Amino acid sequence: MTITSPHLGSSEAWTDARLLYALEEVVEKELNRHMKVAKDWMPHEYVPWSDGRNFPGLFEDGEAWESGQSKVTDIGRTALIVNLLTEDNLPSYHHEIASLFGRDGAWGTWVHRWTAEEGRHGIVMRDYLLTSRAVDPDKLEQFRMSHMSEGFESDNRHSMLHSVAYVSFQELATRISHRNTGHQSGDPVCDRMLARIATDENLHMVFYRNLLGAAFEIAPDLTMQAVRDVVVNFRMPGHGIPGFERAAAQMAIGEIYNMRIHHDDVLQPVLRFLKVMEIDGLGPEGLKAQEELGLYMDGLDSEARKFDERLAARKARLAARAAG
């Protein structure tokens with residue numbers, strides 16, 4: 001590491017600036033690894049352009065959108081809109097991380113590379129949705145304007161360490177949401193597109209997860225507190241989307257993203273990989289955060305179990321109704 005401290009567990013030992021400097025070598029290493037494994041891809045190659053036709057407007061032959069034109073399922077449409085509107089806020093996300101991580105050195109190179117890769121996701125998703133007539137184009141644009149006009153402020157903008165912890169989980173959550181949306185979409189073209197996006201999101205998660213692991217090595221107490229705070233207060237970046245709560249409930253029932261998935265497929269894999277609950281040598285604040293994290297995870301698992309039971313009962317009722 002670039003900086004070492006005789007008091008690694010002390011909260012006074014580290015500021016954001018010192019942590020950024022201390023982790024620079026790790027960022028450079030992870031950036032080099034990322035560039036070796038990341039594959040460039042062309043968004044236009046995932047769009048069924050031959051399916052496209054004019055909408056009303058400047059073109060006299062424009063055909064108005066109707067839901068029957070869509071190849072995707074109802075739940076697929078809901079999730080696609082949420083996922084795209086989330087991606088649309090990329091300018092705000094870039095501003096957040098560029099302000100926290102800086103624009104110079106390895107940190108700056110990563111910020112710009114991440115932004116460029118994420119930009120593809122919004123491009124290909126919008127092109128697919130409009131070309132395949134999967135969604136109402138007027139409502140999609142109205143949602144986009146409303147969502148972006150509200151702006152975006154991260155819950156973790158106060159702390160570089162909290163932000164690294166957050167994106168370690170959030171990138172995996174986004175990957176899972178995209179992948180499950182593809183599976184539930186009912187359209188193989190959509191599934192392939194979202195699988196490609198999910199691959200990028202997974203690589204982004206690995207970058208941040210490994211960076212978080214390095215932070216645990218140099219500032220274990222502060223990092224444990226950051227992870228505790230992020231996990232307990234986690235919410236997706238698209239929470240400000242118009243109608244998000246209703247859409248999130250539909251996505252939960254549709255098994256695209258719910259408490260069970262969040263616990264089993266997002267939180268647990270990162271915590272387990274970093275062996276967060278096994279870290280020892282913590283100071284009082286770190287130990288308290290570790291204990292509270294464990295209690296929260298137990299509680300979340302219990303709540304997820306109740307959700308599983310309700311979901312199973314709902315499926316049984318629908319099956320009985322269909323059979324009768």
Side-chain angles (χ1 to χ4, degrees), residues 7-14 16 19 23 100 153-177 180 202 205-206 208-239 244-245 248-249 251-253 255-314:
H7 306 291
L8 294 182
S10 170
S11 297
E12 287 76 25
W14 299 107
D16 272 7
L19 281 165
L23 291 168
L100 280 165
E153 286 190 343
S154 168
D155 295 332
N156 303 289
R157 62 190 180 279
H158 63 288
S159 161
M160 183 278 289
L161 204 50
H162 280 71
S163 295
V164 170
Y166 175 74
V167 290
S168 298
F169 297 104
Q170 179 265 318
E171 292 283 2
L172 182 52
T174 304
R175 176 209 169 207
I176 295 296
S177 180
N180 288 344
N202 195 64
M205 178 277 294
V206 171
Y208 287 120
R209 183 196 63 192
N210 292 350
L211 188 57
L212 185 62
F216 266 116
E217 292 182 11
I218 64 173
D221 283 321
L222 280 178
T223 305
M224 186 66 74
Q225 292 172 69
V227 169
R228 184 262 325 266
D229 294 344
V230 163
V231 169
V232 170
N233 299 299
F234 185 91
R235 56 180 182 167
M236 293 293 275
H239 59 80
F244 178 78
E245 295 299 330
M251 291 167 68
I253 293 171
E255 297 182 88
I256 288 176
Y257 202 93
N258 55 41
M259 279 190 290
R260 174 54 63 200
I261 292 170
H262 184 60
H263 178 277
D264 290 1
D265 300 338
V266 176
L267 299 181
Q268 283 285 28
V270 175
L271 296 175
R272 190 163 46 241
F273 182 89
L274 296 177
K275 300 181 179 179
V276 172
M277 303 310 298
E278 301 171 27
I279 293 174
D280 55 16
L282 296 167
E285 290 300 315
L287 276 173
K288 179 184 176 185
Q290 189 180 48
E291 291 170 1
E292 290 176 348
L293 178 62
L295 289 172
Y296 177 82
M297 290 298 293
D298 289 343
L300 181 61
D301 185 45
S302 178
E303 289 299 312
R305 193 175 302 113
K306 294 176 184 176
F307 174 83
D308 292 341
E309 292 170 356
R310 292 195 299 269
L311 187 60
R314 181 179 185 275

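This is a predicted model, so every value here is computed, not measured.
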Taking the side chain as everything from C-beta on, heavy atoms only, tell me whether P237 gets closer than 4.5 Å to Y166.
yes
Kindly write out the residues that satisfy side-chain hydrogen bond (donor to acceptor under 3.5 Å, both in side chains) with S177, not counting sequence neighbours, or none if the list is empty.
N83
Heavy-atom side-chain contact between N156 and F234 under 4.5 Å
no
Look up atom CE in M160 and atom CG in L23, then write down how far apart they are to the nearest 0.5 Å.
5.5 Å
Salt bridge (charged side-chain N to carboxylate O under 4.0 Å, His left out) contacts in which one or both residues fall within residues 155-174, not counting sequence neighbours:
E153-R157, D155-R235
Are any non-hydrogen side-chain atoms of M224 and D221 less than 4.5 angstrom apart?
no
Who pairs with Y208 by ring pair (Phe, Tyr, Trp, His ring centres under 6.0 Å), at least two apart in sequence or on another chain?
W110
Can you list the residues that meet the side-chain contact (heavy atoms from CB on, under 4.5 Å) rule with A252, with sequence neighbours excluded?
N258, F307
Taking only residues two or more places apart in sequence or in another chain, which ones pass side-chain hydrogen bond (donor to acceptor under 3.5 Å, both in side chains) with H262?
Y257
Nearest 0.5 Å, what's the CG-NE2 distance between D16 and H162?
10.0 Å
For L172 versus P269, what's the shortest heavy-atom pair and its separation?
CD2-CB, 4.2 Å
For L282 and P220, which heavy atoms make the closest approach, and how far apart are they?
CD2-CB, 3.7 Å
Heavy-atom closest pair (A165 atom, V230 atom, distance to 0.1 Å) is CB-CG2, 3.9 Å
So CZ of R310 and CZ of R314: to nearest 0.5 Å the spacing works out to 12.0 Å
Is there a side-chain contact between W14 and L161, using heavy atoms and a 4.5 Å cut-off?
no
Suppose we screen for salt bridge (Lys or Arg N to Asp or Glu O under 4.0 Å). Which residues come up paired with K275, at least two apart in sequence or across chains?
none
Output for pair (L212 CG, M205 CE), nearest 0.5 Å, gives 11.5 Å
Starting from the C-alpha separation in whole Å, work towards a yes-or-no answer on salt bridge (Lys or Arg N to Asp or Glu O under 4.0 Å) for K288 and E285.
CA-CA 5 Å; K288 179 184 176 185; E285 290 300 315; 5.0 Å; no
Results of side-chain hydrogen bond (donor to acceptor under 3.5 Å, both in side chains) for S168 - residues two or more places apart only
none
Less than 3.5 Å apart, which donor and acceptor atoms pair up between the side chains of residues 290-297 and the rest of the protein, not counting sequence neighbours?
residue	atom	partner	partner atom	Å
Q290	NE2	V276	O	2.9
Q290	NE2	M277	O	3.4
Q290	NE2	I279	O	3.0
E292	OE1	R228	NH1	2.6

Taking all non-hydrogen atoms of both residues into account, name the closest pair between V266 and F169 and its distance.
CG1-O, 3.5 Å
Using side-chain hydrogen bond (donor to acceptor under 3.5 Å, both in side chains) as the criterion, list what pairs up with N202, not counting sequence neighbours.
none
Salt bridge (charged side-chain N to carboxylate O under 4.0 Å, His left out) partners of residues 258-273, not counting sequence neighbours, each pair once
R260-D264, R260-D301, R260-D308
CZ of R305 to CG of L300, rounded to nearest 0.5 Å, is 10.5 Å
Where do E255 and I261 come nearest, in terms of heavy atoms and distance?
O-CD1, 3.5 Å
